[in-house]
K.L.:
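For reference, the structure I am asking about is given below.
Because the structure is predicted, anything quoted here is derived from the model rather than measured. Keep in mind that the numbers below use all heavy atoms, side chains included, and drop hydrogens, waters and symmetry copies.
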Amino acid sequence: MLEQTSDLATAQQWAVDILRETNAAKYYLSSENFIAAYKNDGKFSFIVKGETFYGQLYGLGAYLDPRCTNFASNTAIDRHTFQVQGGGFQFWEMETEGAYSPIDLLSEESDAVEIKALIAEHAPDSSVSPGDSEEVFWGGIRNEAAELVACAVVVKWQS
């Protein structure tokens, strides 16, 4: 049964109860932008406002608020679902189980070309690139041949 709240304190408690130590939602649930949160059968999602409406989904089948224009999910997503809800979504997926690799701190000066090439090939609609004013730092994973195979950036989101 889907439950919804527009009370920030309730949403924060749901995030703690459901996500426990992997509670990345705590960084996004703030009084400035919070709109609503949802929980059902051990799944959690929320929506915040900004230039567009942004949502995060935790758990396969977590509720996707139809107002979302961008969202992130911690599980694989069926792309057909988005088309049914209106399309136009940008999405990012992350693997939550499996191998663990060391993450290297990347240098904007020496690694920017490699980061940009990886983004161009695998995430051409990415809103962040080396040199953006919102970036704080980049991290990456390299394979056995020392090639950059994954990267992430910490940003001052909607600062």
Side-chain angles (χ1 to χ4, degrees), residues 1-106 115 118-119 121-130 132-141 149-159:
M1 174 181 194
L2 182 66
E3 294 181 60
Q4 175 182 349
T5 186
S6 57
D7 178 68
L8 178 60
T10 301
Q12 290 169 327
Q13 187 59 53
W14 287 357
V16 169
D17 293 346
I18 295 169
L19 304 175
R20 295 182 177 35
E21 67 277 352
T22 58
N23 184 5
K26 65 186 169 192
Y27 300 110
Y28 294 92
L29 293 172
S30 67
S31 59
E32 294 83 24
N33 296 326
F34 176 71
I35 297 173
Y38 309 89
K39 73 173 184 171
N40 62 321
D41 301 322
K43 300 168 198 81
F44 177 74
S45 62
F46 64 87
I47 183 172
V48 294
K49 63 185 172 188
E51 288 181 28
T52 59
F53 291 108
Y54 173 74
Q56 284 195 1
L57 288 68
Y58 296 89
L60 190 59
Y63 178 74
L64 176 60
D65 188 305
R67 296 174 288 180
C68 286
T69 49
N70 293 291
F71 68 93
S73 174
N74 74 340
T75 59
I77 303 293
D78 173 11
R79 291 177 190 226
H80 178 70
T81 302
F82 310 126
Q83 294 168 355
V84 170
Q85 292 192 5
F89 292 99
Q90 296 177 14
F91 66 96
W92 303 264
E93 299 174 12
M94 68 180 198
E95 178 65 43
T96 57
E97 298 177 31
Y100 295 93
S101 299
I103 298 174
D104 297 322
L105 188 60
L106 300 176
I115 294 168
L118 188 67
I119 291 171
E121 182 177 350
H122 298 286
D125 295 329
S126 177
S127 61
V128 181
S129 183
D132 289 350
S133 62
E134 293 284 300
E135 78 177 50
V136 178
F137 66 86
W138 288 86
I141 298 174
V149 295
C151 66
V153 62
V154 173
V155 297
K156 298 176 276 186
W157 188 64
Q158 296 185 1
S159 59

K.L.:
Side-chain polar contacts of residues 34-48 - donor-acceptor pairs under 3.5 angstrom, sequence neighbours left out - could you list them?
P.N.:
{"unit_1": "Y38", "atom_1": "OH", "unit_2": "D65", "atom_2": "OD2", "d": "2.4"}
{"unit_1": "S45", "atom_1": "OG", "unit_2": "Y63", "atom_2": "O", "d": "2.7"}

K.L.:
Identify the two heavy atoms, one from Q56 and one from Y28, that lie closest to each other, and give their separation to 0.1 Å.
P.N.:
NE2-CE1, 2.9 Å

K.L.:
Given side chains that start at C-beta, do those of D132 and V155 come closer than 4.5 Å, heavy atoms only?
P.N.:
no

K.L.:
Which heavy atom of S126 sits nearest a heavy atom of I119, and at what distance?
P.N.:
CB-CG2, 3.7 Å

K.L.:
Would you indicate whether the side-chain heavy atoms of W138 and I115 approach each other to under 4.5 Å?
P.N.:
yes

K.L.:
Can any side-chain N or O of Q12 pair as donor or acceptor with the backbone N or O of L29 at less than 3.5 Å?
P.N.:
yes

K.L.:
Output all residues satisfying side chain to side chain contact (heavy atoms under 4.5 Å, CB included) with D7, sequence neighbours left out; order by chain, then residue number.
P.N.:
T5, A9, T10

K.L.:
About how many Å separate SG of C68 and CG of L57, when rounded to the nearest 0.5 Å?
P.N.:
7.0 Å

K.L.:
To check you understand the geometry: which heavy-atom pair defines the closest contact between L19 and A25, and what is its length?
P.N.:
CD1-CB, 4.0 Å

K.L.:
Where do E32 and K49 come nearest, in terms of heavy atoms and distance?
P.N.:
O-CE, 3.4 Å

